[in-house]
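What follows is a set of notes on a single structure, which appears directly below.
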Amino acid sequence: MKILAIDPGSTSTKIGVLHEGRTLKANLEHPRAEIDRFVRVGDQFAFRLECIDRYLESQGLSEVAFDAVVGRGGLLRPVEGGVYLVNDALAHDLSVGVSGEHAANLGGILARSVAQRTGAPAFVVDPPVLDELWPVARVSGLSGIERRSMFHALNQKAAARDVAQELGRPYQEINLIVVHMGGGITAGAHCKGRVVDVNNGLNGDGPLAPERTGGLPVVGVLELLERGVYTIPELKALIARKGGIYSYLGTVDLREVENRMAGGDAEARLIFDALVYQIAKEVGGLAAALDGAVDGIVLTGGLAHSKELVAALSAKVGFIAPLFLRPGEFELEALIGGALRVLTRLEEPRVYPGREA
Ligand SMILES: Nc1ncnc2c1ncn2[C@@H]1O[C@H](COP(=O)(O)OP(=O)(O)O)[C@@H](O)[C@H]1O
Ligand SMILES: CCCC(=O)OP(=O)(O)O
């Protein structure tokens with residue numbers, strides 16, 4: 001099987017190629033200055049496609065007729081987990097950003113564009129809007145505002161399935177709390193194979209993160225608006241891209257925070273401790289949501305490489321359940337795995353319902 005996987009992030013496009021039994025991986029980095037010249041995420045399409053084509057050419061893969069091209073799913077309408085064929089409705093919803101703007105919206109669109117060259121199918125897998133929330137987890141506290149499932153579904157599901165395998169038990173029979181800790185942080189309660197509660201990773205919910213605020217005191221936010229300190233678009237950018245650790249310390253790099261702590265920087269120490277504290281509170285809350293029946297806590301994402309963070313979290317939440325480390329992310333593997341399951345007929349692709357749903 002020959003499969004191309006495309007995983008666009010805010011400042012990189014990760015590529016995976018399954019070809020002749022080997023998997024090649026590459027991280028094409030895009031300097032912020034280059035990305036920031038585009039107003040909307042969709043405007044980056046031609047630029048990213050060119051980067052992908054240049055990479056394929058550099059690897060002598062330009063002429064490969066892929067059996068499928070698979071992209072990271074974006075902010076679609078809420079859907080069940082699985083592998084989705086990129087049909088017109090799905091491509092349309094990604095291009096208009098039906099549930100918001102995010103680099104991942106380009107995944108399915110780029111995949112479709114490359115696939116169309118050879119008539120291959122294009123897929124997306126476990127998009128961030130994968131929605132398996134319990135009804136009780138949707139209630140926000142204000143009638144008219146519903147909590148939404150928007151999280152690192154692809155990586156959380158991949159890490160959870162991997163840990164289930166390590167435990168020697170079906171994913172559908174165990175309860176895990178999975179914490180994806182990257183530029184944004186989401187913690188999900190995986191109850192017998194379904195993510196029944198999770199913080200919204202993009203809209204100001206959950207723990208603070210390197211580049212995101214997490215949950216904020218609402219009245220404080222309203223007062224910033226009232227006093228004209230920020231406009232609504234500026235506040236949205238702060239919540240999703242320039243909040244969290246960045247807003248306190250001017251960096252999104254936890255390694256730099258740790259170096260500063262080692263040099264005696266008290267502010268860096270306070271923010272690091274707050275990061276640990278807020279993640280631990282999120283995990284504790286999800287443990288209660290699962291009635292304490294937790295088989296494991298899974299730490300994944302780039303921050304899980306940090307020995308100091310892992311040790312601090314272990315000290316705070318280790319009483320709940322054993323910790324399992326899956327540092328980094330497994331999105332390319334999960335994308336290729338999803339496409340393979342469909343191509344080998346182990347799984348039927350799902351049809352994205354679009355507007356009628
Ligand atoms: N060895 C490490 N020790 C501490 N932090 C690390 C390490 N490796 C990566 N990180 C941190 O992980 C974060 C990036 O995580 P990542 O999952 O790559 O984010 P994203 O994919 O959301 O951009 C950064 O804050 C980075 O500093
Ligand atoms: C929470 C939705 C997906 C997401 O935020 O991904 P990134 O952290 O990679 O931007």
Side-chain angles (χ1 to χ4, degrees), residues 7-14 25 27-30 32 35 41 71-76 78 94 97 99-107 124-131 147-159 178-188 195 198-214 236-237 239-246 248-262 268 271-272 275-276 279 299-313 325-332 334-335:
D7 183 1
S10 53
T11 58
S12 71
T13 306
K14 295 186 182 108
K25 291 204 282 182
N27 186 9
L28 314 182
E29 290 183 5
H30 314 307
R32 277 217 177 186
I35 290 290
V41 164
R72 185 181 178 196
L75 305 185
L76 297 159
L94 288 178
S99 293
E101 289 263 310
H102 190 277
N105 290 359
L106 290 164
V124 297
V125 182
D126 287 342
V129 288
L130 182 159
D131 186 346
R147 292 187 68 244
R148 279 199 64 179
S149 186
M150 205 173 271
F151 70 112
H152 301 88
L154 186 62
N155 192 47
Q156 280 207 22
K157 286 271 180 184
V178 184
V179 193
H180 174 104
M181 305 183 296
I185 296 180
T186 57
V195 186
V198 64
N199 65 293
N200 185 317
L202 285 171
N203 291 358
D205 187 20
L208 74 100
E211 61 178 35
R212 298 188 188 153
T213 58
K236 284 187 171 172
I239 289 167
R241 299 216 52 78
K242 292 179 180 161
I245 293 178
Y246 180 79
Y248 289 102
L249 303 175
T251 179
V252 294
D253 188 342
L254 191 72
R255 288 162 291 200
E256 189 184 326
V257 178
E258 290 177 344
N259 286 337
R260 279 158 64 168
M261 288 193 308
I271 301 309
F272 180 90
L275 176 74
V276 173
I279 295 173
L299 302 182
T300 183
L303 300 187
H305 284 294
S306 162
K307 290 193 172 52
E308 202 164 346
L309 180 65
V310 168
L313 283 173
L325 301 184
R326 293 297 182 273
E329 37 86 2
F330 307 90
E331 292 179 344
L332 289 172
L335 290 174

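Along the sequence shown, the residues carry numbers beginning at 1. Just follow the structure's listing: the first ligand is 1, and inside any ligand the first atom is 1.
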_Protein heavy atom at shortest distance from atom 3 (N) of ligand 1_ = R255 CG, 3.5 Å
*Heavy atoms from other residues, nucleotides or ligands near OH of Y248 exceed 12 (cutoff 6.0 Å)*: no
*Between the side chain of S12 and the main-chain N/O of K14, is any donor-acceptor distance below 3.5 Å?*
no
*Examine the proximity of ligand 2 to M181 and report which part, side chain or backbone, both or neither, has a heavy atom under 4.0 Å away.*
neither
*Do ligand 2 and T186 have nitrogen or oxygen atoms that lie under 3.5 Å from each other?*
no
*side-chain hydrogen bond (donor to acceptor under 3.5 Å, both in side chains) between H152 and T186: does it pass, once the steps are laid out?*
CA-CA 7 Å; H152 301 88; T186 57; 2.9 Å; yes
*In terms of residue, atom name and distance, what is the protein heavy atom nearest to atom 19 (O) of ligand 1?*
G183 N, 3.3 Å
_Heavy atoms only, cut-off 4.0 Å: how does H102 contact ligand 2, side chain, backbone, both, or neither?_
side chain
*asked:* Please work out, at 4.0 Å between heavy atoms, whether the side chain, the backbone, both, or neither of V252 comes within that distance of ligand 1.
replied: backbone
*Please state which protein non-hydrogen atom is closest to atom 27 (O) of ligand 1 and give its distance, to 0.1 Å?*
D253 OD1, 2.6 Å
_Heavy atom of the protein closest to atom 18 (O) of ligand 1 (residue, atom name, distance)_ = G302 CA, 4.4 Å
_Heavy-atom pair with the smallest gap, counting every atom of T251 and I245_ = O-CG2, 3.4 Å
*Which atom pair, heavy atoms only, marks the closest approach of V129 to L75?*
CG1-CA, 3.9 Å
*Applying a strict 4.0 Å limit to heavy atoms, is E329 in contact with ligand 2?*
no
*For atom 8 (O) of ligand 2, what's the nearest protein heavy atom and its distance?*
H152 NE2, 2.7 Å
*If hydrogens are left out, which of R212, M181, H305, E256 has an atom nearest to atom 1 (N) of ligand 1, that is, the closest non-hydrogen atom?*
H305
*Which heavy atom of A187 sits nearest a heavy atom of N199, and at what distance?*
N-OD1, 2.7 Å
*Taking it one step at a time, do E258 and S306 satisfy side-chain hydrogen bond (donor to acceptor under 3.5 Å, both in side chains)?*
CA-CA 9 Å; E258 290 177 344; S306 162; 2.4 Å; yes
*atom 21 (O) of ligand 1: nearest protein contact (heavy atom, Å)*: K14 NZ, 4.2 Å
*Contact between R212 and ligand 2, counting heavy atoms under 4.0 Å?*
yes
*Which heavy-atom pair separates G301 from N155 by the least distance, and what is that distance?*
N-ND2, 4.2 Å
*For the student: nearest non-hydrogen atoms of A240 and L202, plus distance*: CB-O, 4.0 Å
*Is the count of non-hydrogen atoms from other residues, nucleotides or ligands lying under 6.0 Å from Y246 atom OH greater than 12?*
no
*Counting each atom of ligand 2 from 1 as listed, which ones have a heavy atom of M150 under 4.0 Å away?*
1 (C)
*Among all protein non-hydrogen atoms, which one is nearest to atom 11 (C) of ligand 1, and what is the separation to 0.1 Å?*
L303 CD2, 3.7 Å
_Under-4.0 Å heavy-atom contact with ligand 2, by part of R72 that carries it_ = side chain
*Considering the heavy atoms of G182, write down every atom of ligand 1 situated less than 4.0 Å from one of them.*
15 (O), 16 (P), 17 (O), 19 (O), 22 (O)
_No-hydrogen, no-angle side-chain donor-acceptor test under 3.5 Å, S99 and R148_ = yes
_Minimum-distance pair of heavy atoms, taken over all atoms of P127 and A153_ = O-CB, 3.4 Å
*Is the shortest distance from a heavy atom of E329 to ligand 1 less than 4.0 Å?*
no
*asked:* How far is atom 1 (C) of ligand 2 from the closest protein heavy atom, and which atom is that?
replied: F151 CA, 3.4 Å
